[in-house]
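Working notes, beginning with the structure itself.
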Amino acid sequence: MLSAFKRLYAPTFFLGFLAAALTLVGTGGSLLWLPALVVVAIFASYLAERIAPYEPVWNKPDQDRVRDIIHAVVNEGTIIVLVVLLPVFAAIIPWAPLWPSNLPLWADVALSIIMLDTGITLVHFASHRVSLLWRFHAVHHSVKRMYGFNGQLKHPVRQTLEIMGGTLPWLLLGIPTEVAAIATFAVAVQLLLQHSNVDMNIGPLKYVWAVAPVHRHHHVASGQDGDVNFGLFLTLWDLLLGTARFSSCDGARAGAIGIHGRPDYPAAYAAQFVEPFRQVEIRS
């Protein structure tokens, strides 16, 4: 039974919540259902991590719970603001919307996710190559344990750059608000899976889908071993960039993740907010 849970958890979690979002919004429901679904997804992720933990010690708070909640509220808040402002951006663009108007909702969402994933992955890759960008991205790599909820741990500047890089094609093409809302909901669900502490077994899906067994490599505290697997949804971009790694992630265990050479990296939210502005040289 536990083995089946480990195999089915990730696809059931992602497709189940995405189907719920498509059904609620696609049948004329309010977009306010989506934040409620995010809360349910967080709770479901929490339970799954207790049923089949990858690293049991990662289920124990390490004086990080309040900080992670603040990060999640700030970062999800910026996404909600973006969705609310989409009609304003659409009015500013001096041409008619170019977004395809004859696709079913699910296809619109799939297209928007691919666009978003491309931009976010490139921003992520650049954040490991440009020292100024790395300063803000380092906040995310400062985690000492991986569990679904801390996928939201990002500096507001890094979050803003990521949103700009990922959503620019949306804005230029005039994406419908409901499509953008569902796609951003899919990001929240994907982050829960990507940083999950569930000992999931996704089989051949690891070659295309960047969830925890793929992404844990990226958080190893090593400038070499951790400089891989940048994709948010797809591994395609890492294959093209030459940064894909699909071997066992057993090296990503307790005590092996974080920022190499910076065991003293601040843990509190306010200190993490200030840290990138300090003149400190840090490397992943």
Side-chain angles (χ1 to χ4, degrees), residues 55 57-58 60-82 116 119-168 187-188 191-192 194-195 197 210 215-232 238 241 243 251-284:
E55 191 72 294
V57 70
W58 285 351
K60 300 176 182 178
D62 187 20
Q63 299 180 329
D64 53 9
R65 181 153 291 170
V66 172
R67 177 203 68 198
D68 290 354
I69 290 173
I70 296 173
H71 274 292
V73 170
V74 171
N75 292 327
E76 283 299 309
T78 60
I79 292 174
I80 291 172
V81 169
L82 168 69
L116 187 74
I120 287 177
T121 300
L122 291 176
V123 171
H124 191 182
F125 181 76
S127 296
H128 283 252
R129 297 294 184 276
V130 180
S131 59
L132 178 60
L133 297 181
W134 166 250
R135 287 174 178 243
F136 294 98
H137 183 49
V139 171
H140 179 69
H141 279 270
S142 69
V143 296
K144 300 298 178 61
R145 64 184 182 116
M146 290 187 69
Y147 70 113
F149 194 60
N150 68 5
Q152 295 285 351
L153 196 148
K154 303 173 188 177
H155 193 281
V157 172
R158 171 62 166 74
Q159 173 78 341
T160 301
L161 293 172
E162 187 175 278
I163 289 174
M164 291 171 60
T167 63
L168 182 60
V187 171
L191 287 173
L192 286 169
Q194 195 172 61
H195 296 82
N197 188 30
H215 191 67
R216 288 188 190 115
H217 290 294
H218 184 70
H219 280 267
V220 173
S222 165
Q224 291 74 44
D225 294 339
D227 202 27
V228 296
N229 299 354
F230 294 94
L232 174 57
D238 284 294
L241 291 167
T243 55
R253 293 288 182 176
I257 66 167
I259 303 175
H260 180 66
R262 283 301 307 274
D264 61 332
Y265 198 89
Y269 182 85
Q272 289 190 341
F273 182 88
V274 173
E275 184 67 11
F277 300 102
R278 299 176 62 239
Q279 296 299 313
V280 178
E281 186 71 17
I282 51 179
R283 289 287 185 269
S284 61

Student check: side-chain heavy atoms of [X] and [Y] closer than 4.5 Å:
X: Val123; Y: Leu133; answer: no
X: Lys144; Y: Ile257; answer: no
X: Asp238; Y: Phe125; answer: no
X: Val187; Y: Leu116; answer: yes
X: Phe149; Y: Arg65; answer: no
X: Tyr147; Y: Arg145; answer: yes
X: Pro156; Y: Thr78; answer: no
X: Trp134; Y: His141; answer: yes

Subject >> Working for side-chain contact (heavy atoms from CB on, under 4.5 Å), residues His71 and Lys154 >> reply: CA-CA 7 Å; His71 274 292; Lys154 303 173 188 177; 5.5 Å; no
Distance-minimising heavy-atom pair for [X] and [Y]:
X: Pro266; Y: Gln272; answer: O-NE2, 3.0 Å
X: Asn150; Y: Asp68; answer: CB-OD2, 3.7 Å
X: Ser127; Y: Arg158; answer: OG-NE, 3.5 Å
X: Gly231; Y: Ala210; answer: O-CB, 3.5 Å
X: Trp58; Y: Ala252; answer: CH2-O, 3.4 Å

**OP:** Please work out which of the three classes, parallel, tilted or perpendicular, describes the rings of His128 and His124, given edges at 30° and 60°.
**Re:**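 Ring orientation, 0 to 90° scale: tilted.
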**OP:** Quick one: sort the His218 and Phe230 rings into parallel, tilted or perpendicular, breaks at 30° and 60°.
**Re:** perpendicular
Rounded to the nearest 0.5 Å, how far does [atom2] of [Y] lie from [atom1] of [X]?
X: Ile79; Y: Thr167; atom1: CD1; atom2: OG1; result: 10.0 Å
X: Ser142; Y: Arg67; atom1: OG; atom2: CZ; result: 5.5 Å
X: Leu122; Y: Leu241; atom1: CG; atom2: CG; result: 6.5 Å
X: Ile120; Y: Leu161; atom1: CD1; atom2: CG; result: 11.5 Å

[Y] backbone acceptor or donor facing [X] side chain under 3.5 Å:
X: Asn75; Y: Gln152; value: yes
X: His140; Y: Leu153; value: yes
X: His195; Y: Leu191; value: yes
X: Gln194; Y: Gly151; value: no
X: Gln159; Y: Val74; value: no

Original post:
Are Asp62 and Lys60 within salt-bridge range, i.e. N to O under 4.0 Å?
Top reply: no
Subject >> Cationic N near anionic O, under 4.0 Å, Glu55 to Arg216 >> reply: no
**OP:** Using the side-chain contact (heavy atoms from CB on, under 4.5 Å) rule, take Asp227 and Arg129 through it: C-alpha gap first, then chi angles, then the decisive distance, then the call.
**Re:** CA-CA 10 Å; Asp227 202 27; Arg129 297 294 184 276; 3.0 Å; yes
Original post:
Excluding sequence neighbours, so at least two apart, what forms ring pair (Phe, Tyr, Trp, His ring centres under 6.0 Å) with Phe273?
Top reply: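 Phe273 satisfies ring pair (Phe, Tyr, Trp, His ring centres under 6.0 Å) with His155 only.
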